[in-house]
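Positions are given from 1, in the same order as the sequence printed here. This is a predicted model, so every value here is computed, not measured.
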Amino acid sequence: GKELHKPHALYMNLADTIEDKACYEFRSSTYEDLIKHKGITKKSFDSLLHAHIETSDSYIKKAQEWIENHYRDNYKEKLDMLRSLSSICSNLFKDKQLIEKKAEIQSFIIQSLDTFTESESEIIEYVTNEFANNFIFEYDRCSLKALVLLILKELGEKINE
């Protein structure tokens with residue numbers, strides 16, 4: 001069944017959203033501006049809630065195992081990837097740009113599934129190269145690779161459900 005995953009992260013995300021909206025002091029000239037700056041719609045609240053409801057997070061463990069196995073001969077790169085994966089996982093609950101970029105990459109991967117005939121590592125490199133020039137400034141290439149890996153493992157888990 002589905003259950004609340006990381007309730008503290010949900011609380012912090014919700015508290016930040018409410019605080020941001022409560023602190024907005026400018027006049028809104030349209031209803032859309034009012035909702036955008038001072039309100040929260042059911043759709044956006046459901047989206048916030050949905051981001052914290054998970055059936056399982058075993059895809060994170062699978063991503064960690066993949067990194068351990070794939071980079072077993074390169075200790076520095078393994079540590080960089082594990083650090084990046086950890087950062088990506090924690091920021092996926094609060095960084096709106098990262099959430100949007102994840103959805104964009106996930107959509108790209110789903111649309112391209114039929115064309116992928118390479119190994120997972122080759123797919124990760126291909127997708128990383130596709131998004132490297134327009135990825136979020138605050139994250140490095142290693143973080144992008146970790147995100148792509150995480151998406152692949154999550155898609156694999158959804159297919160197996």
Side-chain angles (χ1 to χ4, degrees), residues 1-64 66-67 81 83-116 120 123-124 126-161:
K2 293 185 177 192
E3 60 186 51
L4 191 58
H5 183 69
K6 298 189 179 184
H8 184 70
L10 171 62
Y11 169 79
M12 295 303 294
N13 201 343
L14 195 53
D16 287 346
T17 301
I18 292 168
E19 183 178 354
D20 289 347
K21 300 214 180 248
C23 291
Y24 188 80
E25 296 180 357
F26 298 103
R27 181 176 213 106
S28 297
S29 58
T30 65
Y31 180 74
E32 288 77 23
D33 277 351
L34 181 66
I35 293 297
K36 179 180 175 185
H37 297 294
K38 294 296 283 180
I40 187 164
T41 63
K42 180 181 181 339
K43 182 178 178 181
S44 60
F45 181 78
D46 286 347
S47 174
L48 242 176
L49 195 57
H50 181 70
H52 296 278
I53 295 177
E54 297 267 338
T55 51
S56 145
D57 64 354
S58 65
Y59 61 93
I60 296 172
K61 289 180 185 78
K62 288 178 182 176
Q64 289 169 332
W66 189 91
I67 291 169
M81 282 294 291
R83 198 174 300 119
S84 293
L85 180 65
S86 176
S87 172
I88 289 291
C89 288
S90 63
N91 289 336
L92 270 174
F93 294 106
K94 55 189 172 193
D95 186 336
K96 291 176 182 148
Q97 277 185 306
L98 187 60
I99 293 166
E100 290 170 4
K101 190 56 76 171
K102 179 188 178 211
E104 182 184 343
I105 294 170
Q106 194 168 25
S107 176
F108 173 80
I109 290 172
I110 290 169
Q111 291 172 3
S112 304
L113 276 177
D114 292 337
T115 63
F116 290 146
E120 265 184 321
I123 293 170
I124 291 167
Y126 175 77
V127 175
T128 300
N129 289 335
E130 284 290 314
F131 286 89
N133 291 331
N134 66 351
F135 196 55
I136 305 163
F137 177 75
E138 294 85 16
Y139 296 96
D140 62 4
R141 183 177 177 83
C142 194
S143 296
L144 175 55
K145 285 175 73 171
L147 178 60
V148 172
L149 171 63
L150 189 65
I151 292 168
L152 288 175
K153 294 301 177 186
E154 185 179 15
L155 288 173
E157 187 173 282
K158 286 180 181 177
I159 290 170
N160 291 330
E161 286 181 348

key: Atom pair CD1/CD1 of Ile110 and Ile105 - distance to nearest 0.5 Å   = 12.0 Å
query = Within a radius of less than 6.0 Å around CD of Glu138, do more than 12 heavy atoms belonging to other residues, nucleotides or ligands occur?
reply = yes
note = Separation between CG (Leu14) and CG (Leu48), nearest 0.5 Å, reads 6.0 Å
task = Any chance you could measure Leu149, atom CG, to Ser84, atom OG, to the nearest 0.5 Å?
result = 11.0 Å
ask   = Below 4.0 angstrom, N of the basic side chain to O of the carboxylate: do Lys102 and Glu154 qualify?
value = yes
query = Hey, is the main chain of Asn13 close enough, under 3.5 Å, to the side chain of Lys94 for a donor-acceptor pair?
reply = no
ask   = Counting only heavy atoms not in Phe45, do more than 12 fall under 6.0 Å of its CZ?
value = no
request  = Any chance you could measure Ser28, atom OG, to Leu34, atom CG, to the nearest 0.5 Å?
outcome  = 5.0 Å
task = Measure from the side-chain N and O atoms of Lys101 to the backbone N and O of Asn134, and report whether any donor-acceptor pair falls under 3.5 Å.
result = yes
query = Is it the case that Asp16 and Tyr11 place a side-chain donor and acceptor less than 3.5 Å from each other?
reply = no
inquiry  = Under the criterion side-chain contact (heavy atoms from CB on, under 4.5 Å), I'd like the reasoning laid out for Asn129 against Arg141: C-alpha separation, chi angles, the key distance, then a yes or no.
reply    = CA-CA 9 Å; Asn129 289 335; Arg141 183 177 177 83; 2.5 Å; yes
ask   = Would you say the side chain of Tyr59 lies within less than 4.5 Å of the side chain of Leu155, judging by non-hydrogen atoms?
value = no
message = One pair to check against side-chain contact (heavy atoms from CB on, under 4.5 Å): Ile109 and Phe116. What are the steps and the verdict?
response = CA-CA 9 Å; Ile109 290 172; Phe116 290 146; 4.2 Å; yes
Residues Ile35, Ile40; criterion side-chain contact (heavy atoms from CB on, under 4.5 Å); working and verdict = CA-CA 6 Å; Ile35 293 297; Ile40 187 164; over 6 Å; no
ask   = Atom CE in Met12, atom CD in Glu19: separation rounded to 0.5 Å?
value = 9.0 Å
request  = Mark yes or no for whether Lys21, through its side chain, and Lys36, through its backbone, hold a donor-acceptor pair below 3.5 Å.
outcome  = yes
Side-chain touch Ile67/Lys145, heavy atoms, less than 4.5 angstrom = no
request  = Report yes or no: does Thr128 contribute a side-chain atom to a donor-acceptor pair with the main-chain N or O of Ile124 at less than 3.5 Å?
outcome  = yes
task = For the pair Asp20 and Thr17, evaluate side chain to side chain donor-acceptor pair (under 3.5 Å) and give the outcome as yes or no after the intermediate values.
result = CA-CA 5 Å; Asp20 289 347; Thr17 301; 5.9 Å; no
message = Rounded at 0.5 Å granularity, tell me how far CG in Leu85 sits from CG in Leu147.
response = 9.5 Å
request  = Look at the side chain of Lys153 and the backbone N and O of Lys62, then say whether any donor-acceptor pair between them is shorter than 3.5 Å.
outcome  = no
inquiry  = Would you call the rings of Tyr24 and Phe26 parallel, tilted or perpendicular, taking 30° and 60° as the class edges?
reply    = perpendicular
ask   = Do the non-hydrogen side-chain atoms of Ile88 and Leu144 ever get within less than 4.5 Å of each other?
value = no
ask   = Mind checking whether Phe108 and Phe131 have parallel, tilted or perpendicular rings, split at 30° and 60°?
value = perpendicular
query = Counting distance only, does the side-chain N/O of Ser87 pair as donor-acceptor with the main-chain N or O of Arg83 below 3.5 Å?
reply = no
task = Classify the side-chain pair Thr41/Ser44 by whether it contains a donor and acceptor separated by less than 3.5 Å.
result = yes
inquiry  = Quick one, Asp140 and Phe135 - any side-chain contact, counting heavy atoms below 4.5 Å?
reply    = no
